[in-house]
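Worksheet for the structure shown next.
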Amino acid sequence: MLKVADIETFYGPSQALFGVTLEVAAGEMVALMGRNGMGKTTTIRSIFGLTPASRGTIEFESQNIRRLAAYRIAKAGLGLVPEGRRCFPNLSVRENLLVTARPGGWTLEKVETLFPRLEERRAQMAKTLSGGEQQMLAIGRALMTNPRLLVLDEATEGLAPVIRQEIWRAIRLLKEQGQATLLVDKSLSEILPIADRCTILEKGCTVWDGKPAALDSTVRDRYLGV
Amino acid sequence: MINTTPLSKNAAPATHAESHFDRKGLVQMILLGLLLLLPVAAYFLGHTYYVNLASRVTIIAMAAVGLNLAIGYGGMVSFGHAAYFGLGGYVAGISAYHAFDMTPFMSWPFSVPGSDSLLVVWLAAVVLCALLALAIGAISLRTTGVYFIMITLAFAQMIYYFANSWPTYGGQDGLPIYIRNTLPQVGNNLLDSSDALTYFLICFTGLMLAMALTSRLMKSRFGAALTMARLNDVRLATAGVSPYPIRLVAFVISAAITGLAGALYADLNGFVSPSMLSWHFSGELMVIVILGGVGRLYGPLAGAVLFVMMETFLGGITEYWQLFLGLVLLGVVLFAKHGVMGWLAGSERNE
């Protein structure tokens, strides 16, 4: 479905990615891992054309998307939940969900069933929501565009444990429904049981790729230990 | 994407209840009431001057409503809205000139006669301003920030100098409109546009329609998308919506409103000159929008009232009235963050 091969990305003169390769197949949940500053978010930004990769290939459903404008990439069927629970603060919950919606399996009702809190708060300004609710809204907004591949960047970072549980429950539900997902997260205990594959980045390169079961303590200490 | 269905059809009761009788509603109603009643009273007391002054306030408010759609709601700081105001004015002037002279405006490839009908003038002003804004916007909106400001200014200046040096229509001396353009005869001709009060009411209707259009637009899905494009266009793009066409449509509508105001202005004064196209006027419109409250429905009206009042009454006392305008602007920017409307009516839901 998504094939990223050997991409290199620069922020001005400084190179951030030196050869990232990763793949997500239909219905698969892939976890993109690595320590802070290793290039996870840059990889996501490159996939979405926000910081375009200058070398390598990015293919989505056999279409080369590397040089497309961000909105065309999203239109091709990728949905992004950006880092830091980003919704539109000055619009209502409903507006956040509806304005960028595209037809498909996910409707307002389904998103509100997934996150009942959003239904309670549908007329409120997004900025009046709690952090966890804003994250739910960000996920709901991405789902409403009915992406064939959903990309979650640090979806549970900095949230209260209760809220994290609720979001992981939603992610597991998406997995059961066969939603193809690329997941950036650090909580191994949550990722390992549900991920189909893990891709680990170090210093802007893909250094490990495999089943979660193969992710033994050597690999963990080498690439993920703090 | 451009869809104007309301978003709040069956939404739960909004927390920010929009009653007509809260502080904001009251301020708005008083403002409108005064604008409507004072000229009527002045008319029957025989002070036509004040009726025309009210028309001037109304028309400038309407031009600012147009600019507010671009600046306040769309985040597009256009420094060239005088171009549309002036074009609207020249449409009225040129059309009347040819109707008066009974010469065609152009005879090749097809014949276009002049017209002294307001309806024709308005339609032409709106269409031509929309087309001009489509061309200018299509290029300018490829830039952002200070470059957008400069490029819109540059286009407006091109048109200004063109009008200044085109002798057919008066060049820098401008073009008089000897007889105000007219409305079609209805019954006993209650709509005599040369009557000061009737003309004020026409302008007032125009302002109301422009504000209603803005309000309706901003409550629609299109308006929410425009807000998104203003708040964060990258976020909008990653949801699969290109901000560019949304901004362009808003820019075109904004210019069309300002252009219609320009046509009304030329007919009010019976005169159109390049000064309507000058960057001073673009600046004044911006000052009015900022004074009144950026992104506020009633902001342009409040700003225009304040601006024209200061211009008229302080201007009558001293020719340095703009010094006081500067002080008021300073005060508003420093102490009333959301303009006069923000100060009078409290903050709005999206501030």
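We use all heavy atoms of the structure for the numbers below, so side chains are in, but hydrogens, waters and symmetry mates are not. The model shown is predicted, which means the values in this text are computed figures rather than measured ones. Proteins get letters first, then strands, A, B, ... in listed order; numbering begins at 1 in each.
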Other residues, nucleotides, ligands: >12 heavy atoms within 6.0 Å of B:Y147 OH
no
What residues form a ring-ring contact (aromatic ring centres under 6.0 Å, His included) with B:F307, not counting sequence neighbours?
B:W321
Donor-acceptor pair, side chain of B:R235 and main chain of A:C87, under 3.5 angstrom
yes
Distance col, row A:F88:CZ vs B:N232:CG, nearest 0.5 angstrom, shows 5.5 Å
Taken to the nearest 0.5 Å, the spacing of B:T238 OG1 from A:R45 CZ works out to 9.5 Å
Who pairs with B:T144 by side chain to side chain contact (heavy atoms under 4.5 Å, CB included), at least two apart in sequence or on another chain?
none
What are the two closest heavy atoms between B:M228 and A:L91, and how far apart are they?
CG-CD1, 3.4 Å
Determine yes or no for a side-chain-to-main-chain donor-acceptor pair under 3.5 angstrom, with A:R102 supplying the side chain and B:A239 the backbone.
yes
Could you list which of residues 74-83 of chain A have a heavy atom closer than 4.5 Å to any heavy atom of chain B, in residue-number order?
A:A74, A:K75, A:L78, A:L80
Taking 4.5 Å as the heavy-atom cut-off, does anything in residues 49-73 of chain A contact chain B, and if so which residues?
A:L50, A:A70, A:Y71
